[in-house]
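By convention in this document, chain letters (A, B, ...) are assigned in the order of the sequence lines, proteins followed by strands, and residues within each chain are numbered from 1.
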Protein chains: 2
Amino acid sequence: MVTRELLSRERVLRVARDLADSSGLSALSMRRVAGALGVEAMSLYHHVPGKEGLLDGLAEQVVAEVQQEVAGGQGDRLEDWRAELRHRCLSARTVMLRHPWAPGLLSTRATIPSGLWQYYDEVLATMVRGGLNYHVAHRGMHALGSMVLGFVQEVFSPAAAGGAADTDTAEQDFEAMAATVPHLTAMVASEVHAAGDDALGWCDTDREFEFTLDLLLDGLERARRGSGPGV
Amino acid sequence: MVTRELLSRERVLRVARDLADSSGLSALSMRRVAGALGVEAMSLYHHVPGKEGLLDGLAEQVVAEVQQEVAGGQGDRLEDWRAELRHRCLSARTVMLRHPWAPGLLSTRATIPSGLWQYYDEVLATMVRGGLNYHVAHRGMHALGSMVLGFVQEVFSPAAAGGAADTDTAEQDFEAMAATVPHLTAMVASEVHAAGDDALGWCDTDREFEFTLDLLLDGLERARRGSGPGV
DNA sequence: ACCTGAACACCGTTCAAGT
DNA sequence: ACCTGAACACCGTTCAAGT
């Protein structure tokens with residue numbers, strides 16, 4: 001009889017990632033992952049809270065991989081904020097090309113992978129360091145959207161996943177947030193204050209959408225006139 | 001006994017859309033759709049080629065709905081290309097807000113909904129009419145990406161859906177394309193010619209990604225200096 | 001032609017049982 | 001504690017049978 005390596009959350013997620021890489025997301029079943037580990041499907045439940053939990057773990061793993069890629073590409077932090085964000089987007093993109101299923105996975109998660117808060121806080125910090133005020137930075141976050149994750153989409157729309165949006169969360173642990181994602185917290189505070197009484201309007205998605213749209217259209221107009229980024 | 005309305009592809013798709021609206025994409029099963037129609041699951045196969053075919057039909061239906069929204073919003077074609085594209089993006093967006101599952105569905109289809117070719121041809125035509133040459137227009141198509149569909153993502157990455165990319169299709173029915181999507185055909189021809197010997201490089205996705213990225217970063221830099229679109 | 005019942009090969013997950 | 005077998009409630013789809 002062969003001494004089998006012990007099962008673990010890490011081992012389950014690693015095998016799941018490899019299976020997705022080789023056969024696509026749709027081939028990811030509990031039974032299939034278990035099979036690849038030489039184990040019964042039910043054994044997975046001791047290391048992962050069900051299928052949805054496994055997918056959440058996979059999403060977090062991808063975010064971590066992006067962070068590694070960003071850090072690995074260069075030791076020092078780039079001085080120019082645009083260069084830094086550019087590096088981040090391109091690094092993220094190589095990760096997404098490695099895992100073509102990742103954008104689809106990330107965009108359908110009902111809950112945001114925990115590591116992503118920190119990631120976005122870093123993106124925001126880069127903008128603020130570059131001299132963007134919170135308002136412009138806020139729009140910048142929407143505009144770059146999931147470009148900082150290496151693909152183009154409004155990353156998380158829980159409604160799309162079939163779940164209801166949880167609007168309370170943001171306020172709920174506001175203080176806990178301040179410690180771990182200081183820039184995001186400050187931005188939200190600043191934007192809510194600027195919105196005045198209309199607290200719900202602090203993140204007017206329609207307006208963000210139009211901002212991004214105009215950014216692109218204006219850029220294309222400049223390219224048309226031959227003064228855009230290297231064509 | 002009740003005289004039952006005859007089943008039809010249209011009726012199946014309509015009920016499927018309503019079911020997705022009310023319960024999300026994950027609730028869409030052949031058995032559930034059939035149940036909503038008061039019929040057995042197997043009956044659907046006479047009007048729709050399986051589950052995947054039903055989802056394809058749903059995707060086409062959404063594209064058609066976008067076209068209707070674009071046309072309904074205004075009788076005449078807007079004179080300014082930017083205003084026209086802006087109208088298109090915002091119209092598409094209201095459709096996506098109506099069907100939150102649509103972006104996720106569209107982005108995971110293995111084959112492109114047929115109506116979309118025409119739609120994109122119209123977008124391209126608008127750019128060309130506006131004075132963008134094919135090269136800039138090509139980049140514009142990538143930059144606006146799925147914004148013209150009301151959400152932000154590189155729309156179709158068949159690889160993400162678990163299927164292999166079909167690189168032959170584009171050349172295969174090139175001549176048939178010329179009739180139905182003249183602008184797209186002309187653009188492809190122009191870009192392939194410009195790429196010279198490196199025929200594979202006519203659509204260098206990496207370069208398109210960077211172009212869009214720089215468009216956004218440059219726009220944000222302008223906003224930082226206070227000269228961007230209305231902040 | 002259109003619809004159906006039974007059947008097949010899969011799912012995710014629960015639960016009581018093993019070690 | 002960790003893993004398992006059997007079972008349950010679901011899937012998509014095939015196929016022979018009905019009308």
Below 4.0 angstrom from OP1 or OP2 of [N], is there any side-chain N or O of [X]?
{"X": "A:Y45", "N": "C:dT14", "result": "no"}
{"X": "B:R32", "N": "D:dC10", "result": "no"}
{"X": "B:S29", "N": "D:dC11", "result": "yes"}
{"X": "B:S43", "N": "C:dT4", "result": "yes"}

Going by distance alone, is a donor N or O of one side chain under 3.5 Å from an acceptor N or O of the other, for A:Q61 and A:E65?
no
Rounded off to whole Å, could you give me the [atom1]-to-[atom2] distance for the [X] and [N] pair?
{"X": "A:R11", "N": "D:dC3", "atom1": "CZ", "atom2": "C1'", "result": "13 Å"}
{"X": "A:L44", "N": "D:dC3", "atom1": "CG", "atom2": "C1'", "result": "11 Å"}
{"X": "A:L6", "N": "D:dA1", "atom1": "CG", "atom2": "C1'", "result": "11 Å"}
{"X": "A:L25", "N": "C:dC11", "atom1": "CG", "atom2": "P", "result": "15 Å"}
{"X": "A:K51", "N": "C:dT14", "atom1": "NZ", "atom2": "P", "result": "14 Å"}
{"X": "B:M42", "N": "D:dG18", "atom1": "CE", "atom2": "C1'", "result": "15 Å"}
{"X": "A:E40", "N": "D:dA6", "atom1": "CD", "atom2": "C1'", "result": "11 Å"}

Nearest-neighbour nucleotide for the [X] side chain, [options] considered:
{"X": "B:H46", "options": "C:dC11, D:dG12, C:dC3", "result": "C:dC3"}
{"X": "A:A41", "options": "D:dT14, C:dT13, C:dC3", "result": "C:dT13"}
{"X": "B:V39", "options": "C:dT4, D:dT13, D:dA7", "result": "C:dT4"}
{"X": "A:H47", "options": "D:dC3, C:dC3, C:dT14", "result": "D:dC3"}
{"X": "B:R31", "options": "C:dC3, C:dT13, D:dC11", "result": "D:dC11"}

Please round to the nearest 0.5 Å and tell me the distance separating atom OG1 of B:T94 and atom CZ of B:R98.
5.0 Å
Rounded to the nearest 0.5 angstrom, the OG-CE distance for B:S43 and B:M30 is 10.0 Å
Under 6.0 Å from the six-membered ring centre of A:Y134 and within 45° of its axis: does the NZ or CZ of A:R139 meet both?
no
Answer yes when A:E40 and A:R31 have at least one side-chain N-carboxylate O distance shorter than 4.0 Å, and no when they do not.
no
Classify the nucleic acid contact of A:M30 as base, sugar-phosphate or nothing, counting any heavy atom under 4.0 Å across all strands shown.
sugar-phosphate
Which one is paired to C:dA7, where only Watson-Crick or G-U wobble pairs with both distances under 3.5 angstrom count?
D:dT13
